[in-house]
Amino acid sequence: MAVQSDPKTLLLLKPRGFCAGVVRAIDIVRIALEKFGAPIYVRKEIVHNRFVVQELQAKGAIFVDEIEEVPEGERVIYSAHGVAPEVREASQRRRLRVIDATCPLVTKVHFEAAKFALKGYTLILIGHADHDEVIGTRGEAPAVTRVIGHVEEVDELVVEDPDKVAFLTQTTLSLDETKDIVEALKRRFPNICGPHAQDICYATENRQTAVKEVANECDLLLVVGSRNSSNSNRLVEVARNLGTESHLIDDYKAIDSRWLDSVKTVALTAGASAPECLVEEVVKFLADAGYTNIREIEVVPENVRFGLPPEIVQVQKAPTVESA
């Protein structure tokens with residue numbers, strides 16, 4: 001008589017998925033489409049998730065890379081990652097009706113960059129040079145901003161005055177990576193200034209903390225998120241740095257069945273721009289594969305909410321545009 005084996009375990013991490021800035025940005029596009037009607041132009045991906053972008057495209061959003069692609073006088077939404085001042089100036093020249101969906105935490109970093117630049121500091125921006133958020137932040141003071149992404153780059157920095165240096169960080173980086181770079185900067189520039197509070201987003205920190213909490217309890221960690229999502233990639237890195245096999249997946253279709261060979265416990269989380277519906281599909285896929293002992297592990301409660309911009313608040317009470 002066959003002996004039934006114990007069900008395999010799925011650790012469902014919480015918090016996971018959408019952060020307050022992403023919810024706000026997506027809501028802005030949806031409400032704009034509902035109230036103003038299509039088309040609504042969006043500069044860059046509103047958030048870094050393919051599923052979300054395609055869903056909004058189907059509703060009438062038109063995503064463009066540059067402001068010059070938006071017809072004069074039309075309505076345009078800035079993505080959650082923020083824009084440089086030159087983009088705002090170009091929008092004014094084209095008489096565009098702007099709705100700003102920049103995450104308030106990214107806006108905070110922009111204010112800090114402008115403040116330090118006005119005081120004559122050289123800015124060290126820790127982040128990935130090609131990321132939309134870093135491009136926007138650097139645009140606040142391009143002449144005095146140096147972007148670095150690795151500890152090794154600290155010794156190569158050239159600054160005008162070693163006693164007037166400040167640092168800022170991209171909000172979606174690895175906490176450990178940022179810590180190492182900041183420590184190296186403080187050794188190199190003992191009088192360096194930084195923000196009053198860390199720039200790393202609360203959601204980035206919470207999701208990384210959850211991964212650290214379970215890394216030693218699971219054989220495999222899956223992260224739902226798109227390839228161009230910085231915070232999703234960092235979750236994979238955090239797990240791998242702790243010796244746990246980890247993979248970034250767009251959805252359940254990206255799971256390689258070979259990853260599950262001899263795996264008793266799988267942990268599942270999602271980057272801050274990944275919708276819960278994709279997580280639910282992965283949960284079903286894994287349940288069908290025998291991972292029916294599902295445990296949700298909440299590491300820290302997350303109840304942050306951001307208000308909508310005035311342009312959206314004003315039209316919420318207005319009648320909805322009826323489709324033809």
**Study point:** Straight-line distance of Thr269 OG1 to Ile297 CD1, nearest 0.5 Å
**Key:** 11.0 Å
Exercise for review: For residues Arg24 and Pro104, determine if any side-chain heavy atom of one lies less than 4.5 Å from a side-chain heavy atom of the other.
Suggested key: yes
Check your understanding: Are Thr9 and Asn293 close enough that a side-chain donor and a side-chain acceptor fall under 3.5 Å?
Key -> yes
Review point. Can you pull the side chain to side chain donor-acceptor pair (under 3.5 Å) pairs that have at least one residue in residues 193-212, sequence neighbours excluded?
Key: Lys108-Asp199, Asp176-Lys212, Gln198-Glu205, Asn206-Glu302, Arg207-Glu302
Exercise for review: Check Val98 against Ser91 and note the closest heavy-atom contact, atom names and distance.
Suggested key: CG2-CB, 3.8 Å
Review point. Is it true that a side-chain atom of Lys8 and a backbone atom of Thr292 form a donor plus acceptor pair closer than 3.5 Å?
Key: no
Practice item. Consider only side-chain heavy atoms of I, L, V, M, F, W and Y, link residues closer than 4.5 Å, and tell whether Ile26 and Phe36 are in one cluster. Key: yes
Point to revise | side-chain contact (heavy atoms from CB on, under 4.5 Å) evaluation trace for Ile31 with Leu308 | key: CA-CA 10 Å; Ile31 294 170; Leu308 296 169; 3.9 Å; yes
Exercise for review: Taking side chain to side chain donor-acceptor pair (under 3.5 Å) as the test, write out the residues that go with Glu311, two or more places apart.
Suggested key: none
Check your understanding: More than 12 foreign heavy atoms under 6.0 Å from CD of Gln316: is that the case here?
Key -> yes
Practice item. Please answer whether the main-chain N or O of Pro275 pairs with a side-chain N or O of Asn49 as donor and acceptor at a distance below 3.5 Å. Key: no
Point to revise | Gln170 vs His128 side-chain heavy atoms within contact, under 4.5 Å | key: yes
Identify each donor-acceptor pair in which a side-chain atom of residues 57-75 lies under 3.5 Å from a protein atom, sequence neighbours left out, and give them as a table.
from: Glu69; atom 1: OE2; to: Asp65; atom 2: N; distance (Å): 3.2
from: Glu69; atom 1: OE2; to: Glu66; atom 2: N; distance (Å): 3.0
from: Glu72; atom 1: OE1; to: Arg95; atom 2: NH2; distance (Å): 3.2

Practice item. Could you tell me whether the side chain of Tyr78 reaches within less than 4.5 Å of the side chain of Arg88, counting heavy atoms only? Key: yes
Point to revise | Considering all heavy atoms, the nearest Cys218-Leu11 contact | key: CB-CD1, 4.4 Å
Point to revise | His247/Glu245 under side chain to side chain donor-acceptor pair (under 3.5 Å): CA gap, chis, key distance, verdict | key: CA-CA 7 Å; His247 298 283; Glu245 182 182 353; 2.8 Å; yes
Review point. So do the side chains of Arg30 and Glu55 get within less than 4.5 Å of each other, counting heavy atoms only?
Key: yes
**Study point:** Close side-chain approach of Glu217 and Arg295, heavy atoms under 4.5 Å
**Key:** yes
Review point. What residue pairs, at least two apart or across chains, pass salt bridge (Lys or Arg N to Asp or Glu O under 4.0 Å) with a residue in residues 183-192?
Key: Lys179-Glu183
Point to revise | Donor + acceptor pair across side chains of Glu133, Thr171 (<3.5 Å) | key: yes
Exercise for review: State whether the side chain of Arg227 and the backbone N or O of Leu248 hold a donor-acceptor pair below 3.5 Å, judged by distance alone.
Suggested key: yes
Exercise for review: Could you work out the complete set of other residues in the hydrophobic cluster of Leu125, with links drawn between I, L, V, M, F, W and Y side chains under 4.5 Å apart?
Suggested key: Val109, Phe116, Tyr121, Leu123, Val134, Val147, Leu168
Review point. Is the backbone of Val47 close enough, under 3.5 Å, to the side chain of Ser273 for a donor and an acceptor to pair up by distance?
Key: no
**Study point:** Worked verdict on Ile312 versus Ile99 for side-chain contact (heavy atoms from CB on, under 4.5 Å)
**Key:** CA-CA 8 Å; Ile312 293 297; Ile99 303 174; 4.0 Å; yes
**Study point:** Exam field: side chain Ser246 to backbone Leu221, donor-acceptor pair closer than 3.5 Å
**Key:** yes
Review point. Which pair of heavy atoms, one from Val83 and one from His110, lies closest together, and at what distance?
Key: O-CE1, 3.2 Å
Review point. Is the closest side-chain heavy-atom distance between Leu96 and Tyr41 below 4.5 Å?
Key: no
**Study point:** Donor-acceptor under 3.5 Å (Arg234 side chain, Ser230 main chain)
**Key:** yes
Practice item. Would you sort out whether Ile181 and Phe167 count as a side-chain contact (heavy atoms from CB on, under 4.5 Å), showing the intermediate values? Key: CA-CA 10 Å; Ile181 297 176; Phe167 74 89; over 6 Å; no
Point to revise | Residues which pass side chain to side chain donor-acceptor pair (under 3.5 Å) with Ser229, listed by chain and number, not counting sequence neighbours | key: Asn231, Ser232
Exercise for review: Decide whether Val53 and Leu33 are clustered together by the hydrophobic rule: side chain heavy atoms of Ile, Leu, Val, Met, Phe, Trp, Tyr closer than 4.5 Å, transitively.
Suggested key: yes
**Study point:** Side chains of Val165 and Cys193 in contact at under 4.5 Å (non-hydrogen atoms)
**Key:** no
Check your understanding: For Ile77 and Ala101, which heavy atoms make the closest approach, and how far apart are they?
Key -> CG2-CB, 3.8 Å
Practice item. Determine yes or no for a side-chain-to-main-chain donor-acceptor pair under 3.5 angstrom, with Ser226 supplying the side chain and Asn228 the backbone. Key: no
Review point. Between the main-chain N or O of Thr265 and the side-chain N or O of Asp219, is there a donor-acceptor pair closer than 3.5 Å?
Key: yes
Practice item. Under the side chain to side chain donor-acceptor pair (under 3.5 Å) rule, collect the residues that match up with Thr102, sequence neighbours excluded. Key: Asp100
Study note, to complete from the structure: Grouping ILVMFWY residues whenever side-chain heavy atoms fall under 4.5 Å, the cluster of Val283 otherwise contains Leu10, Leu12, Phe51, Leu220, Leu222, Val224, Ile249, Tyr252, Ile255, Trp259, Leu260, Val263, Val266, Leu268, Leu278, Val279, Val282, Phe285, Leu286, Tyr291, Ile294
Review point. What's the verdict on side-chain contact (heavy atoms from CB on, under 4.5 Å) for Asp27 and Phe306, showing C-alpha distance, side-chain angles and the deciding distance?
Key: CA-CA 11 Å; Asp27 282 349; Phe306 293 139; over 6 Å; no
Practice item. Check whether any side-chain heavy atom of Pro85 lies under 4.5 Å from a side-chain heavy atom of Glu140, and answer yes or no. Key: yes
Check your understanding: What's the spacing between Thr172 OG1 and His48 NE2 if we round to 0.5 Å?
Key -> 9.0 Å
Review point. Just how far is it from atom CD1 of Ile40 to atom CD of Glu34, taken to the nearest 0.5 Å?
Key: 11.5 Å
Check your understanding: Do the side chains of Val22 and Val42 join up, straight or via other hydrophobic residues, at under 4.5 Å, putting them in one cluster?
Key -> yes
Check your understanding: Taking ILVMFWY side chains as joined if any heavy atoms are under 4.5 angstrom apart, and letting links pass through other members, which residues group with Val300?
Key -> none
Check your understanding: Are Leu157 and Ile126 connected in a single hydrophobic cluster, I mean Ile/Leu/Val/Met/Phe/Trp/Tyr linked by side-chain heavy atoms less than 4.5 Å apart?
Key -> yes
Review point. Tell me, which pairs form a side chain to side chain donor-acceptor pair (under 3.5 Å) where one or both residues lie in residues 146-165, sequence neighbours left out?
Key: Asp163-Asn191
Review point. If only atom types and distance count, is the side chain of Glu45 paired as donor or acceptor with the main-chain N or O of Arg50 below 3.5 Å?
Key: no
Review point. What's the shortest heavy-atom distance between Gly225 and Asp250, and which atoms?
Key: O-OD1, 3.5 Å
Review point. Side-chain heavy atoms under 4.5 angstrom apart, residues restricted to Ile, Leu, Val, Met, Phe, Trp, Tyr: same cluster for Leu173 and Leu105?
Key: no
Exercise for review: Apply side chain to side chain donor-acceptor pair (under 3.5 Å) to Thr169 and list each qualifying residue two or more places apart in sequence or on a separate chain.
Suggested key: none
Review point. Salt bridge (Lys or Arg N to Asp or Glu O under 4.0 Å): which pairs involve residues 270-282, sequence neighbours left out?
Key: Arg16-Glu276
Practice item. Would you check, one step at a time, whether the test salt bridge (charged side-chain N to carboxylate O under 4.0 Å, His left out) holds for Arg258 with Asp256? Key: CA-CA 5 Å; Arg258 291 173 295 182; Asp256 187 332; 2.7 Å; yes
**Study point:** Shortest non-hydrogen contact between Ile28 and Pro309, atoms and distance
**Key:** CD1-CD, 3.4 Å
